[in-house]
Amino acid sequence: MIQKIKGTYDVYGDLALKHDYVKKLFQAVCENYNYKYIETPIIERSELFHRGVGDTTDIVTKETYDFKDRGNRDLTLRPEGTAGVARSIIENKLYTSLPLKFYYEGSMFRYERPQKGRYRELRQMGVELYGSSNPISDIEVISLGYNFLKELGINNVKVLINSIGGVETRNKYKKELIKHFENNIDEFCDDCKERLKKNPLRILDCKVDSNNKLIKTAPNILDYLNTEEKENFEKIKEYLELLEIDYEVDNSLVRGLDYYTNLVFEFKTDIKDIGSIGGGGRYDNLLESLGGPSVPSVGFAFGFDRVIDVINELDISLPTNNDLDIYIMPLSDNELYYSLSIINDLRMCGYKVDIDLLNKSIKGKFKESEKYNAKYIVIIGEDEVNNGVLTVKDTTTKEEIKISQDELLDYFDMNI
Ligand code: HAM
């Protein structure tokens with residue numbers, strides 16, 4: 001038997017209904033905020049992620065699925081969605097009409113150690129807003145995510161925020177961090193020793209060394225922000241309060257992708273072991289670093305699978321409805337011919353309709369209608385065909401009525 005690959009899973013049955021509901025709700029919320037759908041390829045040139053996400057990040061150094069295609073090109077299965085959207089904006093010159101507001105959803109791939117809330121094929125739902133450096137746009141994307149979670153019934157959400165400043169601020173801050181850590185770097189894990197040289201900010205959110213007292217006493221990035229960066233961060237906090245979004249400033253939040261500038265944030269619940277259910281921030285230099293013009297940008301992505309995990313942990317029952325409207329029941333093969341146009345008309349009118357495909361007994365057909373939770377059964381026997389009058393059974397009240405075929409659509413229009 002061929003089995004699925006570690007870190008992937010199949011979606012069917014109730015889980016498929018949940019996925020479908022969550023995707024549609026995300027789409028509806030994004031449309032309310034006037035975001036437009038974008039879809040970019042799952043495979044891209046490896047260089048996009050090296051330059052976009054960053055050569056020294058864990059994602060690019062340890063987690064990407066890289067391969068050569070038959071034309072000897074270096075390709076990578078996308079580990080995240082932001083770089084692909086940026087590439088598309090440059091390649092299609094979409095930046096000529098700003099602002100741009102996009103949302104997307106789909107599979108990403110990261111070679112991580114599979115565990116609860118961590119998959120190798122992970123799904124993300126995200127938004128990207130291009131063109132505005134005004135904190136109102138930072139707030140727009142955060143509130144979109146927050147409201148979406150509320151609509152799902154996930155209420156115990158905190159938004160962790162931090163500012164990592166612009167390039168100049170960060171370079172100053174990095175120097176201070178190096179000074180702070182370098183004499184005692186032997187106390188830290190091998191990854192942190194590397195990080196000290198390449199990206200000392202990442203030491204601050206190291207999972208292995210999180211209890212080291214040097215992390216707690218590290219200089220605070222907020223003390224290094226310039227006046228404009230400070231004012232923007234204060235504005236964001238003010239707006240978060242205005243919108244009653246539960247937030248907390250977390251100075252150790254630096255995020256694992258290199259493109260961020262200024263605001264970074266994560267959506268967190270208090271559920272153990274699931275980690276952050278979404279994260280994002282501002283990335284004002286990404287487009288330019290990929291060869292496009294300089295366009296300020298902000299966005300985030302939810303870990304779709306983690307949102308589903310939270311729904312399951314909290315036992316939230318989603319209003320998914322898989323019930324059948326009408327089960328068509330020809331009593332024998334003779335009535336099948338007559339049934340086909342009825343079923344076709346009803347489906348074309350938008351009703352969810354089904355019929356026995358396995359030639360079951362009458363008892364079997366009734367059982368099947370129960371399995372599908374059909375609201376109505378249309379019984380078509382010899383008499384019905386001869387008289388052009390059908391029997392419609394309401395499965396809730398158990399009432400049966402006779403109506404002519406001509407009246408059938410009107411009847412369901414009024415009752416379903
Ligand atoms: P990220 O923090 O790498 O950001 O991923 C976003 C979310 O994806 C995480 O908060 C988490 O919920 C989920 N996630 C990440 N890795 C896994 C995994 N192995 N299994 C399950 N879920 C996972 C980004 O990807 C950025 N592109 C977000 C962004 C958009 N920033 C600006 N715009």
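Indexing begins at 1, ligand by ligand and atom by atom, following the structure's order.
Between Tyr327 and Tyr376, the gap from one ring centroid to the other reaches at least 6.0 Å. For Tyr104 and Phe102, the ring centers are positioned 6.0 Å apart or more. A distance of 6.0 Å or more separates the ring centres of Tyr247 and Phe265.
Shown in contact with Ile277 at under 4.0 Å from a heavy atom are these atoms of ligand 1, numbered in order with element: 10 (O), 12 (O). Residue Gly299 has at least one heavy-atom neighbour below 4.0 Å for each of these atoms of ligand 1: 30 (C), 31 (N), 32 (C), 33 (N). Atoms of ligand 1 found under 4.0 Å from any heavy atom of Gly117, numbered from 1 in the order shown, are 20 (N), 21 (C), 22 (N). Near Gly279, meaning under 4.0 Å from one of its heavy atoms, ligand 1 places the atoms 10 (O), 28 (C), 29 (C). Below 4.0 Å from some heavy atom of Gly278 lie the following atoms of ligand 1, by number and element: 10 (O), 12 (O). Short contacts between ligand 1 and Tyr119, defined as distances under 4.0 Å to a heavy atom of the residue, involve ligand atoms 18 (C), 19 (N), 20 (N), 21 (C). For ligand 1, the atoms lying closer than 4.0 Å to a non-hydrogen atom of Ala301 are 6 (C), 7 (C), 28 (C), 29 (C), 30 (C).
The nearest non-hydrogen atom to atom 1 (P) of ligand 1, considering only Glu266, Arg282, Arg255, Glu112, comes from Arg255. Closest heavy-atom approach to atom 29 (C) of ligand 1 among the candidates Tyr283, Phe304, Tyr260: Tyr260. Atom 30 (C) of ligand 1 has its nearest heavy-atom neighbour, among Val141, Asp309, Thr82, in Thr82. Around atom 3 (O) of ligand 1, the closest heavy atom drawn from Arg306, Arg110, Glu80 belongs to Arg110.
Between Glu266 and Arg255, at least one side-chain nitrogen of the basic residue sits less than 4.0 Å from a carboxylate oxygen of the acidic one, meeting the salt-bridge criterion.
Judged purely by distance below 3.5 Å, without hydrogens or angles, the side chains of Asp284 and Tyr259 never pair a donor atom with an acceptor atom.
In this structure, atom 33 (N) of ligand 1 lies nearest to the protein heavy atom Glu128 OE1, 2.8 Å. The protein atom (non-hydrogen) at minimum distance from atom 10 (O) of ligand 1 is Ser276 OG, 2.9 Å. Looking only at protein heavy atoms, the nearest one to atom 8 (O) of ligand 1 is Gln124 NE2, 3.2 Å.
Listed by first and then second residue, the salt bridge (charged side-chain N to carboxylate O under 4.0 Å, His left out) pairs that reach into residues 205-223 are Arg202-Asp205, sequence neighbours excluded.
Checking each of Tyr283, Tyr95, Tyr35 against Tyr130 for a ring pair (Phe, Tyr, Trp, His ring centres under 6.0 Å) leaves exactly one that passes, namely Tyr283.
For Asp270, the salt bridge (Lys or Arg N to Asp or Glu O under 4.0 Å) test picks out no residue, with sequence neighbours left out.
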